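Counting begins at 1 with the first residue of the sequence. A quick note: this is a predicted structure, and the numbers were derived from the prediction, not measured. Any value given below was found using the heavy atoms of this structure, including those in side chains, with hydrogens, waters and symmetry copies removed.
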Amino acid sequence: MPLTNAEKQKRYRDKKAQDGKKEARGYLTEQAQECLEDIRHQTGWDDSTILSNALRLTYAAQKCGQVKILNNWLLKNEK
């Protein structure tokens, strides 16, 4: 008997979890959606790669004491 859509999705999520990956969900502001489209267009990355890199870059900025500077740039440039 063929699998239902929900069963396929669960199997997919279980496989990703076994691979050590974790799903993250959230809602994007209109500004963030524009940034997402720009990044996707410029890099060709999929959503998972963009999210992973965004978190890693944010972490690096925090470790280097640059989060405030970057946040101020985002506010100044209305991003």
> Hey, mind stepping through R13 and K10 against side-chain contact (heavy atoms from CB on, under 4.5 Å) and telling me if it holds?
Replying inline: CA-CA 5 Å; R13 287 191 306 270; K10 182 176 182 336; 4.0 Å; yes

Gap between atom [atom2] of [Y] and atom [atom1] of [X] - 0.5 Å precision:
{"X": "N71", "Y": "L74", "atom1": "CG", "atom2": "CG", "answer": "6.0 Å"}
{"X": "L57", "Y": "L70", "atom1": "CG", "atom2": "CG", "answer": "9.5 Å"}
{"X": "Q18", "Y": "K16", "atom1": "CD", "atom2": "NZ", "answer": "11.5 Å"}
{"X": "D38", "Y": "T43", "atom1": "CG", "atom2": "OG1", "answer": "10.0 Å"}
{"X": "E7", "Y": "Q9", "atom1": "CD", "atom2": "CD", "answer": "10.5 Å"}

Can you check whether [Y]'s main-chain N or O pairs, donor with acceptor, with [X]'s side chain at less than 3.5 Å?
{"X": "Q62", "Y": "A60", "value": "no"}
{"X": "N77", "Y": "W73", "value": "yes"}
{"X": "S52", "Y": "S48", "value": "yes"}

>> Please determine whether a side-chain nitrogen of the Lys or Arg among E23 and R25 lies less than 4.0 Å from a carboxylate oxygen of the Asp or Glu.
In response: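 Result for this pair is yes, salt bridge flagged.
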
> With a 4.0 Å cut-off, would you call R40 and E37 a salt bridge?
Replying inline: yes

> salt bridge (Lys or Arg N to Asp or Glu O under 4.0 Å) with K79: which residues, sequence neighbours excluded?
Replying inline: none

> Quick one: do L28 and I39 end up in the same hydrophobic cluster if we chain Ile, Leu, Val, Met, Phe, Trp and Tyr together by side-chain heavy atoms under 4.5 Å apart?
Replying inline: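 In one cluster with L28: I39, yes.
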
> Are L51 and L36 joined in one hydrophobic group, where the rule is that I, L, V, M, F, W and Y side chains link up if heavy atoms are under 4.5 Å apart?
Replying inline: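 As far as the 4.5 Å side-chain criterion goes, L36 and L51 are not connected within one cluster.
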
